[in-house]
Structures are given as structure tokens and as C-alpha cells.
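Following: one structure in C-alpha cells, then a few remarks.
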Protein chains: 2
Amino acid sequence: MAMSLHLRQNSDMQCPMDGLLRMLMGPWTTYILWLIRSNGPQRFGQLRKQMPTISAKMLTERLRMLEEVGILHREQEETIPPKVTYSMTERGHDLNKVLDDLAKLAVKWDCPGAEKAAREKMPKKAS
Amino acid sequence: MAMSLHLRQNSDMQCPMDGLLRMLMGPWTTYILWLIRSNGPQRFGQLRKQMPTISAKMLTERLRMLEEVGILHREQEETIPPKVTYSMTERGHDLNKVLDDLAKLAVKWDCPGAEKAAREKMPKKAS
DNA sequence: GTAACTACTAACGAAAAAGTGCCTACTGGC
DNA sequence: GCCAGTAGGCACTTTTTCGTTAGTAGTTAC
């Protein structure tokens, strides 16, 4: 904790994207968004089945975070066993447009270079 | 390394964005791009001065990665002391358009929610 | 003659992130 | 009566990430 009383990285600097990127950056985040957009609102367990290697803890955490920033909506039925469904908010749809553009770029480039670098020099978990 | 012979997270799945996001996601990545776009080609030391809290190791690593995926161009003069200048490639400019959109979104939302969540539930370093 | 300058690299260690296993509550099927 | 099933929470362990320190080279300024 070298800089707790300092600039927190550059979040206090002039770049307004910081918060947004920090959110998208999280592991699995965009993959979750993609699943919900493609297949509609879904329950916790359904999402989990589509991401065989995610841990429950991680999935919970990501979903909670996406809810907190207002991108996903969480609907809970208090039955037992419980039933929780996640869907996109309006804000979520805003985001999808940008993500689409990003996806187009990814397809356009689709170079082995990116593949290679992704394996070596970048954070391990994305999507 | 639970799954080295397996799906590596979901990178082997259908999402083509994975590599691209893994790249943008890295700490400081977009901040570096922003600096170079705003102020033009720059040398290692100049960049460093503008990011007082980054370590040399980190900066080197990020720059190398951006070079590897073809977003930055690295030009080295073999003098001693050496002189290395980084500039944007064409591909880099492609990216900037999308990043601009992202920035617009960030400004549009600019909610305390994002701020708050950014502090708590997301990876520590972005920009 | 030595100290500073630049753009790094390698090795080490601390801190943060993520995985694992165990727990909950009530209902429904055997 | 017993076990499975849902959506997690909590504590503990492992993995990953990142900063710090030390070192490189030859020229130039003191």
C-alpha cells in the first residue's frame, strides 16, 4: 500500500474512463454480459453451466458488481430453493453498442499476434 | 494451473473479443494510449514522468505488449544512453475511435455508483 | 576519475486476487 | 428418513501480480 494517501494509480487524474474500464476489466465480466444479451435473462445456475470453469464465488461477485453499477438487474424469488434471475438494464444496452464495436475490431484484426500476446503478457482472465 | 490442457478460461470459446479485451484490460494500458494520442510520439522517460506512480518494469511490459499486438511502434536509436520513441500505428488509431465512444459513455453515466463500485469490487488498476 | 544519464532485465518478496471446501434453508421425490 | 437441489456466505490456501533493488553499457559533464 505504497500510495494510500496519494494518487490512487491515476483514478484521481483527468481520465473519466477509469471507472468504466475498471468495471469491464474484471474477469468474466464481458462474457457474462454477452451470455445475457445473447440468451436473454438467466438464472444463476444457467449462467454457471455456460461457464464451466468459473467458481461460484467469482460469478456471485461479478454479478453483484454489475448490479451495483446498474448494468444488470437482479430479481429474487424468496422461495426455497431460491430463484434469482439476472437481466440487462437500459444502461446495459448502452454498453452493448460499444462492445459490439469492439468486437468488430477484434474480428477485423483477428491476428495471431493478439492471440499470442494474450497468452503471454496480459492479465490471465478476461471475457 | 488447473486447466492447462483444457479450456483456458474461455479463450478457446466463441468470443472473439477475448484477446482484445485482455489487452485493453491491462493496467495503465489505455492511459498510455491516451497520453501518446494526446501528446504525440514520446520517449520512455517522458511517459514515465507523466505516470509518477508506475514502475519502470510495468511501463516496459505494457509498452512491449502494445508493440507486440501492433498498436504501438517502437523506434530505438542504438546510441548510449539509448533513445527509444513510441508512436501509434494505424491499428492504434482504429482503437482510439472505440475508446472515444467508451469515454463518451463514461462521461454520460458519470454516476457516483460507478465510482463507488470501482473502489470496492473491481480490480485495482485500470487506465 | 567519477558520476549521471537512458532504457531496460533478472531476482526476490509482499500483497492482492481467485479457487476450494464446508455451511445454510426449505421443499419434493424415493 | 434421506438425499438432491438453489444461490449463495465464510474461512483457508494457492496463485498471480506487482513493486523494489541491483545491475548493464558507453558517452558526456564536472
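Convention: sequence-line order gives letters A, B, ...; per-chain numbering from 1.
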Revision key, fill the gap. Given protein heavy atoms under 4.0 Å, the one-letter contact record of nucleotides 23-30 of chain D, with B base, S sugar-phosphate only and - none, is simply ---BS---

With heavy atoms under 4.0 Å as the rule, sort [X] into base, sugar-phosphate or nothing.
X	answer
R43(B)	sugar-phosphate
K57(A)	base
R74(B)	sugar-phosphate

Review point. So how far is it from Y86(A) OH to L72(A) CG, rounded to the nearest 0.5 Å?
Key: 8.5 Å

Check your understanding: Which distance, rounded to the nearest 0.5 Å, do you find between the CE of M65(A) and the CD1 of I71(A)?
Key -> 7.5 Å

Point to revise | Residues K104(A), D101(A): salt bridge by 4.0 Å N-O rule | key: yes

Would you tell me if any nitrogen or oxygen in the side chain of [X] comes within less than 4.0 Å of OP1 or OP2 on [N]?
X	N	result
R64(B)	dT9(C)	yes
R62(A)	dA18(C)	no
Y86(B)	dC8(C)	yes

Review point. More than 12 foreign heavy atoms under 6.0 Å from CD of Q46(A): is that the case here?
Key: yes

Practice item. Using the salt bridge (Lys or Arg N to Asp or Glu O under 4.0 Å) rule, take D94(A) and K108(B) through it: C-alpha gap first, then chi angles, then the decisive distance, then the call. Key: CA-CA 10 Å; D94(A) 276 9; K108(B) 175 180 165 192; 2.6 Å; yes

Between [N] ([atom2]) and [X] ([atom1]): distance, integer Å:
X	N	atom1	atom2	answer
E77(A)	dC26(C)	CD	P	18 Å
K83(B)	dA7(C)	NZ	P	9 Å
R48(B)	dT20(D)	CZ	P	10 Å
Q42(B)	dA7(C)	CD	C1'	16 Å
W28(A)	dA17(C)	CH2	C1'	15 Å
E61(B)	dT17(D)	CD	C1'	9 Å
E75(A)	dA7(D)	CD	P	13 Å
E78(A)	dA7(D)	CD	C1'	11 Å

Review point. For E90(A), what residues pass the side-chain hydrogen bond (donor to acceptor under 3.5 Å, both in side chains) criterion, not counting sequence neighbours?
Key: none

Review point. Should L95(A) and M88(A) count as side-chain neighbours, where that means a heavy-atom distance under 4.5 Å?
Key: no

